[in-house]
Undergrad: 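Below you'll find the structure I mean.
Per chain, numbering begins at 1; letters A, B, ... match sequence-line order.
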2 protein chains.
Amino acid sequence: MRKTRIFTPGPTPLMPAAQLAMSKPIIHHRTQEFKELFLETRRLLQDIFKTQNEMLILTASGTGAMEAAVCNLFSPQDQTLAVVAGKFGERWQEICQAFQIPCVSLTKEYGDAATAEEIGEALQRNPGTKGLLIQGCETSTATAHDLEAIGNMIRRDFPEVLVVVDAITAAGCQPLETDAWGLDVVISGSQKSFALPPGLAFMSISPRAVQKMSAAVSPRYYFNLAKELKNQQAGQTAWTPNVSLVVALNAVCKEILCEGLDKVVAEAELMARSTRQGLLALNFRLLSSSPASAATAAFPPEGVSASELSKKLESRFGVKVAGGQGELKGKIIRIAHLGYFDTLDVFSVLSAIELCLMEMGQPVEPGVGVRAAMLEARQN
Amino acid sequence: MRKTRIFTPGPTPLMPAAQLAMSKPIIHHRTQEFKELFLETRRLLQDIFKTQNEMLILTASGTGAMEAAVCNLFSPQDQTLAVVAGKFGERWQEICQAFQIPCVSLTKEYGDAATAEEIGEALQRNPGTKGLLIQGCETSTATAHDLEAIGNMIRRDFPEVLVVVDAITAAGCQPLETDAWGLDVVISGSQKSFALPPGLAFMSISPRAVQKMSAAVSPRYYFNLAKELKNQQAGQTAWTPNVSLVVALNAVCKEILCEGLDKVVAEAELMARSTRQGLLALNFRLLSSSPASAATAAFPPEGVSASELSKKLESRFGVKVAGGQGELKGKIIRIAHLGYFDTLDVFSVLSAIELCLMEMGQPVEPGVGVRAAMLEARQN
């Protein structure tokens, strides 16, 4: 029977615990039941973000939380620095522009990451910068930033700079120590490692970021984080929340923490390594010099169109991979590893790619991709 | 995240359409809504069984329908012939014994099938036999019987013999022409190709089998098929049915027929062929000389314990395969292909077996099993 397998870095496959939770009858959000569940969910998210900071749950996509961070923390007189290493880095610039907040950029080639040293130099060149805007994982190129090195450098050398991290695809699949690394705002979204449908964003906010919120004069209403915070500390939300997704988020956080967060992250890293070995053995070329655990981006072998391969994967096997964005459109495929995936999924998608390449007339030695992935995933 | 994959020949993975249907609010069975759905479901089952015969839906497992066939068609003075090629053939004997119905057996080695010729000879040796009891697929050994040849032979040479087929795992994954092959009773169950939870059995009954029902004197109450038939022709059931499963069965039948029954059967055959090639390349030995599309049964390579391999598949990858039954216990593994499976599932289970064998210290050339399966599944 026809099956569909989604390998995109959001939405990701739904966890059964999420499906079950969402199929429960809806509860009302102005009730004691919801209040307790909501407060518990905020605590569970703190464990996943490894933070004592305040957690906010917003009924919005990750972009909404990115906007909320910018307009609640910064004003038109504030200088910001955005790391632009792909489409999502560009989004920081666009949001700042919309709110007339000055934003200089540290621009990297697609596929490259910015180092702590480069960011330090950029901050030196731009004295008085109020905030760094960065991705934990630049999803458009499947590139990871070293948040540990970057956070530590800023706390040491630029203690006044707020570090605002889009960890939308990074949280839950790459190491993340919000407090230990001094990250002021960390954002994620429901349709990534949390294996839920899109619709909720979460963000942690440090005490000093909370303080800044009262001074910022950028306009905001739906994303008034001070108002949200006051409500959410009491187990409520400022506006009507997506109740079913909150209930499902609660269930999923428990699944992740019960499985063991570090184990879940290690599995994503292993799947990413296996996928890279499998693709390399099939003559793909990796896009990223700092490849992420969330997803793998790669150019197909010489003579193979990425779009044609993607189409064939879908028509032949019901396998949906992501393509490139912006200037990478039609040039790469991206395969996700974040959320409800396991090693056998890696073998599945590689088998599918391999067989499609063979059927497209490519000189593929059958089994070679899966073999390479298998050797990487091997225990002992 | 930990995933579970079930590769047992019942229960099989649930079809999403079934899960969705079962999560609907329950309806009452003494309503017009249920009546219409029930009548439609009986018609859909006729299409899947390729028959104009009456279809009955029983709230019972397949064994219940096997008993129903025996006790509604035969009496203690009636001679029957059972083909015994494994555990489910033995079940025919046990049911006849319970009802004191004489039953001679045509016994085959585990893994072998009875031919039409052998069955013809057995009927010659036992003149006056009233019914043949056989499996379309003997699931315990993953062995298929040639129902076409057997049915045609009986209709030609022994027109008075009723042909009663346990097609519990055969229907929906191997060719089945109830009317064209003159099969009087054909039985299947919800947890097989229908990709539902266990709980319902279905059976088609030819007009001449319906006639015999009134003459049979074996005791029956829950399985009074004459009473069921009268009710079910009117869209009702004699006893309270499993309403949710009937609603889900309706949805699943539509999925199968929409996909195309012949295509679904051809896919199961292809998956079985691919699995066989994969296992052979990994030095497994096939059990059956007439291998089924429903499942593949095989002895592991020399020096590998089937039980140990099964345990490792489950602990390492959450992959559940079936073991042997009766005298085959601990000696073989069985991998299902019936229902909600596709080719990438074949590659998954073979990858898992391969990696487990490697990690158990077996001299496996990595990728060789998946490679062989891939070559079999290759298009063009």
Side-chain angles (χ1 to χ4, degrees), chain A residues 1-5 13 15-17 19-20 22-25 172 193 195 252 255-256 258-259 263-264 267-268 281 316-319 338-352 354-356 358-361 364-375 377-380, chain B residues 1-5 13 15-17 19-20 22-25 172 193 195 252 255-256 258-259 263-264 267-268 281 316-319 338-352 354-356 358-361 364-375 377-380:
Chain A
M1 289 294 295
R2 170 88 179 180
K3 267 187 201 187
T4 297
R5 289 176 176 82
M15 225 183 273
Q19 292 176 292
L20 288 172
M22 286 187 295
S23 65
K24 286 186 189 170
S193 290
V252 159
E255 290 270 320
I256 291 172
C258 180
E259 179 106 355
K263 181 161 170 274
V264 169
E267 280 171 357
R316 176 78 165 89
F317 288 113
V319 163
L338 76 173
Y340 190 58
F341 287 113
D342 69 9
T343 313
L344 293 194
D345 291 318
V346 170
F347 301 156
S348 285
V349 70
L350 287 171
S351 304
E354 205 166 306
L355 207 42
C356 284
M358 286 164 64
E359 292 174 8
M360 286 163 80
V364 170
E365 176 61 34
V368 75
V370 181
R371 173 198 157 95
M374 213 175 257
L375 288 171
R378 181 178 183 168
Q379 283 182 342
N380 309 325
Chain B
M1 289 294 294
R2 170 87 178 180
K3 267 187 201 188
T4 298
R5 290 176 175 81
M15 224 182 275
Q19 292 178 291
L20 288 172
M22 285 188 297
S23 66
K24 285 186 190 170
S193 290
V252 159
E255 290 270 320
I256 292 172
C258 179
E259 178 106 355
K263 181 162 169 274
V264 170
E267 280 171 357
R316 176 78 166 89
F317 288 112
V319 162
L338 76 174
Y340 189 58
F341 288 113
D342 68 8
T343 313
L344 293 194
D345 291 318
V346 171
F347 301 155
S348 284
V349 70
L350 288 171
S351 305
E354 206 166 302
L355 207 41
C356 284
M358 285 164 66
E359 292 174 6
M360 286 163 80
V364 171
E365 175 61 34
V368 75
V370 181
R371 172 197 157 95
M374 214 174 256
L375 288 171
R378 180 178 184 170
Q379 281 181 345
N380 311 325

Undergrad: Could you give the distance from CG (B:Leu355) to CZ (A:Arg378), rounded to the nearest 0.5 Å?
TA: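 Reported value, rounded in 0.5 Å steps: 8.0 Å.
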Undergrad: Of the backbone (N, CA, C, O) and the side chain (C-beta and beyond), which part of A:Val346 lies under 4.5 Å from a heavy atom of chain B, both, or neither?
TA: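 Neither part.
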Undergrad: Which bit of A:Ala372 is near chain B, if near means a heavy-atom gap under 4.5 Å: side chain, backbone, both or neither?
TA: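 Neither part, no heavy atoms under 4.5 Å.
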Undergrad: Using heavy-atom distances under 4.5 Å, tell me whether B:Val319 contacts chain A through its side chain, its backbone, both, or neither.
TA: side chain
Undergrad: I would like to know whether A:Glu354 and B:Val370 meet side-chain contact (heavy atoms from CB on, under 4.5 Å); could you show each step before the answer?
TA: CA-CA 11 Å; A:Glu354 205 166 306; B:Val370 181; over 6 Å; no
Undergrad: Report which part of B:Ala195 has an atom under 4.5 Å of a heavy atom belonging to chain A: side chain, backbone, both, or neither.
TA: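 Neither part.
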Undergrad: Please report the closest heavy-atom contact between B:Met358 and A:Leu375, naming both atoms and the distance.
TA: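 That would be CE-CD2, 3.9 Å.
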Undergrad: With the side chain counted from C-beta on, respond yes when A:Met1 and B:Val264 share a heavy-atom pair under 4.5 Å apart, and no when they do not.
TA: yes
Undergrad: Counting heavy-atom pairs closer than 4.5 Å to chain B, which one of A:Ser351, A:Gly369, A:Ala373 comes out on top?
TA: A:Ser351
Undergrad: How long is the straight-line distance from CG of A:Leu344 back to CG of B:Leu344, given to the nearest 0.5 Å?
TA: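 The distance works out to 11.5 Å.
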Undergrad: Picking from A:Met15, A:Gln19, A:Arg2, which has the most non-hydrogen pairs under 4.5 angstrom with chain B?
TA: A:Arg2
Undergrad: Which residue out of A:Glu259, A:Glu365, A:Arg5, A:Glu255 racks up the most heavy-atom pairs below 4.5 Å with chain B?
TA: A:Arg5
Undergrad: Quick check on the interface: out of B:Gly339, B:Ser348, B:Ser193, who has the most heavy-atom pairs with chain A under 4.5 Å?
TA: B:Ser348
Undergrad: Relative to chain B, which segment of A:Thr343 carries a heavy atom at a distance below 4.5 Å: side chain, backbone, both, or neither?
TA: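 Side chain only.
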Undergrad: Supply the atom-to-atom distance B:Lys24 NZ to A:Ser23 OG, rounded to the nearest 0.5 angstrom.
TA: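 It is 14.0 Å, given to the nearest 0.5 Å.
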